[in-house]
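Only one structure is covered here, and it is reproduced in the block below.
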Protein chains: 4
Amino acid sequence: MTGDTRRPHTGRRRNEAARRAILDVAVELLGRTDDAPVTIDTIAAAAGVGKQTIYRWWPSKGAVLLEAMAERAGHDIPVPDTGTLRGDLDEFLTATFRRAGMRLTATVLRHSMAEAQRDQHAREQMRAFVGARRDVLRGVLARARDRGEIAPDADLDLIVDQAYGVLWYRILTGHAPLGDADASRLARALSDQAAATLTP
Amino acid sequence: MTGDTRRPHTGRRRNEAARRAILDVAVELLGRTDDAPVTIDTIAAAAGVGKQTIYRWWPSKGAVLLEAMAERAGHDIPVPDTGTLRGDLDEFLTATFRRAGMRLTATVLRHSMAEAQRDQHAREQMRAFVGARRDVLRGVLARARDRGEIAPDADLDLIVDQAYGVLWYRILTGHAPLGDADASRLARALSDQAAATLTP
Amino acid sequence: MTGDTRRPHTGRRRNEAARRAILDVAVELLGRTDDAPVTIDTIAAAAGVGKQTIYRWWPSKGAVLLEAMAERAGHDIPVPDTGTLRGDLDEFLTATFRRAGMRLTATVLRHSMAEAQRDQHAREQMRAFVGARRDVLRGVLARARDRGEIAPDADLDLIVDQAYGVLWYRILTGHAPLGDADASRLARALSDQAAATLTP
Amino acid sequence: MTGDTRRPHTGRRRNEAARRAILDVAVELLGRTDDAPVTIDTIAAAAGVGKQTIYRWWPSKGAVLLEAMAERAGHDIPVPDTGTLRGDLDEFLTATFRRAGMRLTATVLRHSMAEAQRDQHAREQMRAFVGARRDVLRGVLARARDRGEIAPDADLDLIVDQAYGVLWYRILTGHAPLGDADASRLARALSDQAAATLTP
DNA sequence: TTTTAATCGAGACGGTACGTCCTGTCTTTCT
DNA sequence: AGAAAGACAGGACGTACCGTCTCGATTAAAA
């Protein structure tokens, strides 16, 4: 194969430090409890960056915010392997709820979801983020199915929705916190639900 | 004894027609699919009303939107009475999902929840709205408990959270529609949860 | 002629106290040095009067302001009679400059003239007020002409304009105060001017 | 030695075309006979400019209007040099009255003076404008003094005040136009005043 | 004495302008 | 070519004011 399509890319290369600063500042500003709205000018100023540098790499404000959110809220929830569905769910939901229950993360998630309702780019990124988290949880359930812990007619997507539904609903309305006990109780209820057969 | 709460109230009285027009227009504009954001100027113009008339009665744009939303989304979901928890839940969730699944209502709910994340007044009104809907569903569960259909240690709040959690989660992320089958399956799962004792 | 078009005018009569309060408050507010604009709401509130009571009797804000101004600034400048033009002018201009030089009056005049540039009613009332003051001064000059103190070809209108021109110019631009010495010097210059014949 | 006042000034530079458009539009709108008040929104729209671009460079509406006025009304009145005070005054006042008597200019002057009564910034700019015009006329008088045409005790400021006083007084009240004959007669009267000694 | 009509204080209303803020683009200079 | 600085067009925000329109209460002449 001779076709070397490598383009030399003349000119200055993207400044990775700026990218980091922008995303870090975005998370920090999004996480503020005071209702001061997060603006591009604020982000640029706090990151010591020109506005154009932001718009060169992201299509809109929402896109920046959502990428910042996804970075923070998506990673480092380990995929558990306790051997039982209930154990796996308990561990996973506890870790997930703990993370989402942190004040900073919760605020970031709240405002990101709000942004996703207005900004098309943010909407798509939220879709991708949510899809990725769902896939992880579905993976846990799929493993349990392979172990025979799950009824063949169980609606796994609904179970995933129940888990993340409780999480987002509480974060967005703030009517109750996300506690460890809630995670455990929910884990038990959902594993029971997954095991139940449809025939009454 | 007639309660003499007579207040003299000198001066012109609030124009009820204007109030209606404002809320109606707000819902109509909120429900538009095109992502043109709903503006106070737009509402005022479309309702044939001065901006000050809006700000005289509502503290912020979000407050208007939330009141309009609550009026539309809260009412006319009947409280069922089939005699069984599962039947009641099925009926209630089916009606609720159907309503929330309507394109107009869903759009209104989405943007209302987004607004509630930025606007303090909207936030409080969303809290009240969500609380009222939860109370209705809790009432259904409480009646079932009186009939002995519910385990004494069941966490009713968590059950309510799952029901509305699934609803909001799907509306906000749009990853799946709210179908009748979903409502029924969820009704069955939740009634089973409620009935289950902790000691398996 | 039998047509008695007298309409008896049943109903409540105009409240003279309210009229006085409105005009007094208008002068007081107009005379404030702080640049807070004088509004109808402010006048009404300070006079303890409803806005409609103002608009029932005056066609616009400017009309109220101008009437208030005219009341204050027009009266009680006595028409002098010293026997000579120079003496009359000195007395009249000194009294006029003293009155117009008072801080309160000056501020009222300034803002009235400004109002007269925007408000049609105010404009007409200013025209009438200015005309009346000019007539008084022209009267002084006419008397002097009857005494033979004035050249036949003197332009009395121009002399009047010079006198009031200096007054308004200084009030409006504030570049110099209106002092007694100015009045006297101007009186002398203008009486000389009136006496001079055109043929050099 | 070249003064090295080099300031790097990074960033986009002020758009001179926008500045011109704003001032031109301001004059044009100020000069309209219909009494529609001149609005910042109107100026911005007619100049094809965002409102912020106006407020970035001028502190208030009045400041824009006054700068536009000063540009139009101040320039191109030549300083005469006929050799005699009377000739100089005649030429200067005739040119000045002609310019101020133009319908457009008169309207602009009227509304500018009105604005200067309410707006602090406009007030200061009016002060500067008036001062500059006075200085020019004082220059004419000073030259005549050097030629020995003026009495040592003449009050030159009062003479200047009479000239501009008549101008503004007529423009603002509109009780008489500014004609060439008025200018000439005033020129003669004022030159006589300047020449007269106090002790006749 | 009752009726009728006009005025009053209070205050909501439609409309318009204000001056601020924010978005996403464009321009300039430097690296 | 990328970056910081910052001006730009556009447009929404929430406030202020104008002049009009109720509302219930008051006051005076007419019936």
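A note on names: the letters A, B, ... follow the listed sequences, proteins ahead of strands, and every chain is numbered from 1.
- Closest to the side chain of A:Pro37, from the set F:dA4, E:dC8, E:dC22, is E:dC22.
- Of the residues in residues 43-52 of chain C, those lying under 4.0 Å from DNA chain F by heavy-atom distance are C:Lys51, C:Gln52.
- Cation-pi check for C:Arg19 over C:Trp57 is not met; the charged atom does not lie both under 6.0 angstrom from the ring centroid and within 45 degrees of its normal.
- Side-chain atoms of B:Thr10 lie closest to E:dA10 of the nucleotides F:dC13, E:dA10, F:dC18.
- The nearest heavy atom of DNA chain F to C:Thr42 and to A:Arg56 marks one nucleotide each, and the one closer to the 5' end goes with A:Arg56.
- Residue contacts for D:Trp58: at a heavy-atom cut-off of 4.0 Å it reaches no nucleic acid atom on any strand shown.
- For B:Lys61, a side-chain nitrogen or oxygen approaches OP1 or OP2 of F:dC13 to under 4.0 Å.
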Do any side-chain atoms of residues 31-38 of chain A form donor-acceptor pairs under 3.5 angstrom with protein atoms, and if so which ones, sequence neighbours left out?
unit_1: A:Asp34; atom_1: OD1; unit_2: A:Ala36; atom_2: N; d: 3.3

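- Distances shown here put every side-chain N or O of B:Thr53 at or beyond 4.0 Å from the OP1 or OP2 atom of E:dA12.
- Residue B:Asn15 is in sugar-phosphate contact alone, with no base atom involved, counting any heavy-atom pair closer than 4.0 Å across all strands shown.
- At a threshold of 4.5 Å between non-hydrogen side-chain atoms, the residues A:Met126 and A:Glu115 do not count as touching.
- Comparing C:Gly62 and B:Tyr55, the nucleotide of DNA chain F nearest to each residue sits closer to the 5' end for B:Tyr55.
- B:Arg14 comes within 4.0 angstrom of the backbone, heavy atoms only, and of no base.
- For A:Ile40, the listed nucleotide lying nearest its side chain is E:dT23; candidates were E:dT23, E:dG19, E:dA17.
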